[in-house]
Protein chains: 2
Amino acid sequence: MKVIKDGTVTTAKGFLAAAATCGIKQSGKPDISLVASATDCTAAGVFTLNQVAAAPVLLDKATLAENQTAVRAVLTNSGNANASTGEPGMVNARQMQAWTAEALGCQANQVLIMSTGVIGQQLPMAKVAVGVKTAVSALSPDSGMAATQAIMTTDLVAKHLAVEVELAGGIVTIGGMAKGSGMIHPNMATMLGVVTTDAAVEAGLLQQMLRVANNHSFNRITVDGDTSTNDTVILLANGASGVAIDANNAAAFQAALTHVCTELAKMIVRDGEGASKFVEIQVTGAPSETAAHAVAQTIATSPLVKTAFAGSDPNWGRILAAAGRAGVTFDQYQTGLWIGVEDANGLQLVKDGTPTGYAEADAAAIFAAPSFVIRLDLGCGDAATTMWTTDLTHGYITINADYRT
Amino acid sequence: MKVIKDGTVTTAKGFLAAAATCGIKQSGKPDISLVASATDCTAAGVFTLNQVAAAPVLLDKATLAENQTAVRAVLTNSGNANASTGEPGMVNARQMQAWTAEALGCQANQVLIMSTGVIGQQLPMAKVAVGVKTAVSALSPDSGMAATQAIMTTDLVAKHLAVEVELAGGIVTIGGMAKGSGMIHPNMATMLGVVTTDAAVEAGLLQQMLRVANNHSFNRITVDGDTSTNDTVILLANGASGVAIDANNAAAFQAALTHVCTELAKMIVRDGEGASKFVEIQVTGAPSETAAHAVAQTIATSPLVKTAFAGSDPNWGRILAAAGRAGVTFDQYQTGLWIGVEDANGLQLVKDGTPTGYAEADAAAIFAAPSFVIRLDLGCGDAATTMWTTDLTHGYITINADYRT
């Protein structure tokens, strides 16, 4: 597997992209993003489980149920989430899809759409109409980066990546873009992703592979069933490489796909709203993977833990306290806790639920690093998980108290 | 029911209190608090469900299992939680209990203890020994306020209250004190409470009544099973009023007890770390009370919702988005949302999941108030609940990023 410098969603053969600025964002920044394939793609999607799923999420699910084998494009608007917008919001989503299809010269059910931004406001459709036309007319293999920038909201950094992987059968490319701000839950601030590949992958297999990749990447910074109104990841495969994925090369392709998704997920965390630290949370010795995930998730989202990270304060009691309220039964006198900068083998803080005789300065030095790893062993099983999170800072408050104003 | 001005844990007949400063807190503020009865009390307790329960919690549970009918005192230290301290922590908790009993001239199992403060450090027992002796020798009916102040940690305000209630049989008094900082979860920052009454209440009934009161008060600012390592509420009844609680007056006594606990719980929220707003969250139209509670809890703890409160920004989409990830199934197109300053009848923002034509300025005016009410109707049942929460501000970050330093 080889990382392609400056790789994007258009690095894989046969993909085009475009961006447009139509005034949905008050800031005047680009707010329409389009990724398209010159030929039909098989398509897969994973979506938010939120009960208040946005109109584009409901529409994409319906579209993929009709057509997973001849998808041509993903159109995204930023600045307005088209969520909590009722039936008018559904009408607008269908209109956006239809306009894009019309401009591309394909059927409506060959277009998927995504939205991100403020919830509860109707889309300014006259502006969207202009944006869609502008974007379609600007499609180019060189605009992957522009398309990436046009899906950003509170993101500070454009998140994109492409890899080339040599498979039995030939070389394929996988590229992707994502947006999201990983502070508390990327699931609350919307997470969107589009991944493209020139491999030829049968639709059922594609969906399965996206699900596996998602469980090891975007779901490690969020949690099943605990997502925003708009979270969506779309995977398009157009077969332009001439290489088909089959039993001989599926594992290698899966590994590359998972890598692309994991790197994009980590980029989201690193760009977390107001974040100054990147922290890997490992939970080991859990009775089940679900239990490990519940404990890791509770630690990774605890405001007290995250403010301790922000203060570079190795106040590890908060980590154990968070674990203890995760709804998982364990014996506190069997727990162990380690921290380190590179991996979790740096310093053991807790053994059998009791503080070790570690030096406070050593622990403080690790927590002062911009990136560190924590491992909590529950001592009651063999299951484990890893999640990625950030600290909770003044910057987060500033961004989110003033987001709409 | 009559509220007693400046009422405390010593307002009920036969109760004494004391405070001492023994150096557990670096700040030099009082850190030992004692509440005692001149005569034996029946006692009840509700405790954290956290798997990493602190040593004093484990000890009090064992003590109450042995003795619920002849309890004499509750000794609390602040500045150190004696949590995540392993077997040495249990030894220290037992020692603290034994020293208090010795100084009071009673048995160890007649004393309950509580601790609050930093997790994961052993208690400085030489200091505690001095503090216990000092407190016991200072017991006085006038020191209820001093005892209240001595349990504070990040609290800005001392939380205390007493009411007098005329029952069939005579007048009884109920007084209480509490500490806790209600920002994110009072469950994470420890919540402690001691409630005293001069009514005579049989131990089994006392426990049942405390459980009911707790479910309508402290559990409305926290959530079952989701509590800190140390959360404890103790209720002592010494019978000094000569009035026994029985079938004729139990309902009135329960109402007064619930009132005292609810007022203390609201004081904790109002004093939330960094809080500038007090918000009541009502969830109605839920399929069950558990579902209503889950939705209310998710809204009440959502960092995005709470930063919107801080910014006085009626960004109600975040409220619906939080509800949608609470694990409760509902139809977003049946939901309604109301906000108001005094009650939830002020302004309807959402009808059938769709924004109403409300004026933004009207919504902003309500969110700008220091205290307001939100009602989300899920439109799928008859169950309802109420919770109380605060906003999430820069002040919270400052307090918690620097708590130990």
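In the text below, chain A, chain B and the rest are named by the order of the sequence lines, each starting its count at 1.
For chain B, the nearby part of A:Leu58 is the side chain; its heavy atoms alone come within less than 4.5 Å. Interface residue A:Glu87: only backbone heavy atoms are found under 4.5 Å from chain B. Interface remark: A:Ala308 contributes backbone atoms only to the contact with chain B (heavy atom separation under 4.5 Å). Both the backbone and the side chain of A:Ser84 come within contact range of chain B, judged by heavy atoms closer than 4.5 Å.
Most heavy-atom pairs under 4.5 Å with chain A: of the set B:Ala54, B:Ala53, B:Gly89, this distinction falls to B:Ala53. Annotation: maximal heavy-atom pairing with chain B below 4.5 Å, among A:Asp352, A:Thr335, A:Val328, occurs at A:Val328.
Not a single ring pair (Phe, Tyr, Trp, His ring centres under 6.0 Å) links A:Phe47 to another residue, sequence neighbours left out. For B:Asp155, the salt bridge (Lys or Arg N to Asp or Glu O under 4.0 Å) partners at least two apart in sequence or on another chain are B:Lys159.
No side-chain donor from either of A:Thr116 and A:Asn230 sits under 3.5 Å from a side-chain acceptor of the other. Under the 3.5 Å distance criterion, with hydrogens and angles disregarded, a donor-acceptor pair is assigned to the side chains of A:Lys25 and A:Ser78.
One N or O on the side chain of B:Gln51 and one on the backbone of A:Phe330 form a donor-acceptor pair closer than 3.5 Å.
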